Each structure stands twice: as structure tokens, then as C-alpha cells.
Amino acid sequence: SLTEFDAKAAESGNAATERFRDSGKTAAIEVPKERVSLLANEVLSAVYETVRKHKVSYDEFNALKAWLINVGEDGEWPLFMDVWVEHVIEEVSTEDREGNKGSIEGPYYIPGSPELATPATLPMREDEGGTPLLFQGQVRAVDGTPLAGAKIEIWHADDNGFYSQFAPGLPEWNLRGAVIADADGNFALNTVQPAPYQIPTDGACGKLIAAAGWHAWRPAHLHLKVTAPGHQLLTAQLYFDGDQHLSDDIASAVKPELVLNPSERTDAAGNEVTYDFVLDAA
Ligand code: MBD
Ligand code: FE
């Protein structure tokens, strides 16, 4: 039977493409034609400038055309957009926030994960690899008010760097859950520390990385969406101090405020860390 190690770029790419199509994210969008014209003209002008500046050849033009076709065939447009573009969209759309720093959603979020009361344990296999991690904290408003019943959705890769529903052989909701905080906004959840993550190397995005001599790594990370009534959705990622890819994340999505420094538990195996979330009013 297939395991996570049999994951293929085109499978996770096409799954991410299907997920995006079904997400409803584009259903109500109508971009005014003035805005389309402005943005398309500016992006194309930047391309012309690069072509003239570096005297781009027909061979290079054709290599690009072939590669763009491959991105679509491998279903990797969501991966490409989230790795190389989303960070700057996230930056401009959250620049007015006073509360928590956030980060990009990435291609592997799935809504509707199982709701779990605090203290929670994320769904995981009996022999799930990785250092156990107790992650706890409080959700508050900018003025310090605890946000009762806040929801902390969390999803992350396993100890081998694979996400459930995007690699074969993993239980459907493995390492995905929605923890409901208590009346004081406090939450605690048990999981395992994820491993550093390499974006698929056998698809079009991997081909770009190899052709350019880059690396495919993201630092190990937890993905989160934190919500409470009357407050703005916080989409974030949390990283781990000492990770060798904090300073060269392929997705440019690390911020210093998002780095955890877990300590070893004295009462049980594994590590523990406390991190509080501060949500802006809606
Ligand atoms: C990931 O796990 C991720 O978080 C991002 C942003 C891109 C690719 C894979
Ligand atoms: Fe991720």
C-alpha cells in the first residue's frame, strides 16, 4: 500500500488545485477593469524591462513557455503562488494590524477539521514520529480582554514533512484539528513537532529551484488560523528556534515574532511552549 514516502509532486499539486477550486475563494470576486489594466500593464512592463536589461534570448523565452505549461500540468499554480507571491500579499493586507503578526496560509489548509475541546490532542497515528509537543496559550483582544471560546485551527506536516490529504497513506485528519479555547481564552493542545519541510522537488516548482541552484526548504512550522466572534481572522505560522532554515525560507514567510523556543517538559516526555495570540477587532 502507498505511504507518505510515495508522494508525487503532481498528486499533491493537483490536490491543492482541486482544493483551491472548491474553496469558494474566487466565487464573489469582481476586479474592476481599471484595476486589471493597471496591474497587468505594470507587471508586463517589469517583464519587458527584464528582457531588455538582460537581452533575454529565444531559447530562454521558450524554456519559460515550456516551464509555465508544466506548472499547470503538475497542478502547481497554488504551490508557486503561495511560495513566491503570497508573502507580499499577506504583508500588505495585514499592515494596519495592532495584534499578532501573521503569515501565509500556504497550499495545504483544509477547512472543517475535527473540533476538539481544550486540553486537546490532535488526531495522530499510534506510532506518530517526532518529539511530543505541548502547545498552550491564551487568545486575547488588543486591549487584553480574554476571548472566550476562540477557535484555534492547526495543521502541520508530520515528522517526515508530509501533510495529510496531500500525501498518500495518511489518516484523513492526521495532525489537523480545531481546538476551542475555554471561558478565559486559554487553550492547550498536544501534538508532535513537525520536521523541516521540502517543497516537492519532482514537479515544475522543483525544476525551477534546481535550474536556479536554489534549495527547496522551509523551516519546520505549525500552521494556524485563530478566530473569535467580532475579531479578524489571524492566519499564522509558528517556527522553532535554532531551525537552520529560519533565515532562508523558500517561501519568505518567517517573522521574528513567530519563532517558538520550546523547553523540555519535566512532567512528561517531549517539549512544551506557551504562545499567546492577540486578535484585532473586526
Ligand atoms: C508548505 O507547507 C507551505 O507552508 C507553503 C507556504 C508552501 C508550500 C508548502
Ligand atoms: Fe506548510
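Sequence positions, counted from 1, serve as the residue numbers for this chain. Ligands are counted one by one from 1 in listed order, and the atoms in each one are counted from 1 as well. Not measured: the values here are computed from a predicted model.
The nearest heavy-atom contact from the protein to atom 5 (C) of ligand 1 is P107 CD, 3.6 Å. Considering only non-hydrogen protein atoms, atom 6 (C) of ligand 1 sits nearest to I104 CD1, 3.3 Å. If you check which protein heavy atom lies closest to atom 3 (C) of ligand 1, you get R218 NH1, 3.5 Å.
Residue contact check: Y197 has heavy atoms under 4.0 Å from atoms 1 (C), 2 (O), 9 (C) of ligand 1. Atoms of ligand 1 lying under 4.0 Å from at least one heavy atom of L79, given by number and element, are 8 (C). Residue V83 approaches ligand 1 through these ligand atoms, each under 4.0 Å from one of its heavy atoms: 7 (C), 8 (C). Under a 4.0 Å criterion applied to the non-hydrogen atoms of H223, ligand 1 contributes the atoms 2 (O), 4 (O). Residue contact check: G106 has heavy atoms under 4.0 Å from atoms 6 (C) of ligand 1.
Salt bridge annotation for D276-R140: present, with a cationic side-chain nitrogen under 4.0 angstrom from a carboxylate oxygen. A salt bridge does not link K207 to D202: none of the charged nitrogens lies less than 4.0 Å from a carboxylate oxygen. A salt bridge does not link R35 with E42: every distance from a Lys NZ or Arg NE/NH1/NH2 to an Asp or Glu carboxylate oxygen is 4.0 Å or more. Salt bridge annotation for K255-E90: present, with a cationic side-chain nitrogen under 4.0 angstrom from a carboxylate oxygen. Ion pairing of E60 with K65 is absent here, as no side-chain N (NZ or NE/NH1/NH2) approaches a carboxylate O to less than 4.0 Å. Under a 4.0 Å N-O distance rule, the pair E105/K225 qualifies as a salt bridge.
At a threshold of 4.5 Å between non-hydrogen side-chain atoms, the residues V259 and F240 do not count as touching.
Residue contacts with ligand 1, taken as heavy atom pairs separated by less than 4.0 Å, do not involve A157 at all. Under 4.0 Å from ligand 1, not a single heavy atom of E86 appears.
Under a 4.0 angstrom heavy-atom cut-off, A253 registers as lying outside contact with ligand 1. Ligand 1 lies out of reach of E105, whose nearest heavy atom is not under 4.0 Å from it.
The OG atom of S113 sits 12.5 Å away from atom CG of N174, with the distance rounded to the nearest 0.5 Å. In this structure, the separation between CZ on R97 and CD on Q232 is 4.5 Å, given to the nearest 0.5 Å. Taken to the nearest 0.5 Å, the CZ atom of R218 stands 9.0 Å off from the OG atom of S252.
Around the Fe ion (ligand 2), protein atoms of type N, O or S found under 2.8 Å number 3.
Within the 6.0 Å centre-distance limit, the rings of W155 and Y109 are counted as a close aromatic pair. F162 and Y197 have their aromatic ring centers separated by at least 6.0 angstrom.
Considering backbone and side-chain atoms alike, Y163 places an N or O below 3.5 Å from some N or O of ligand 1.
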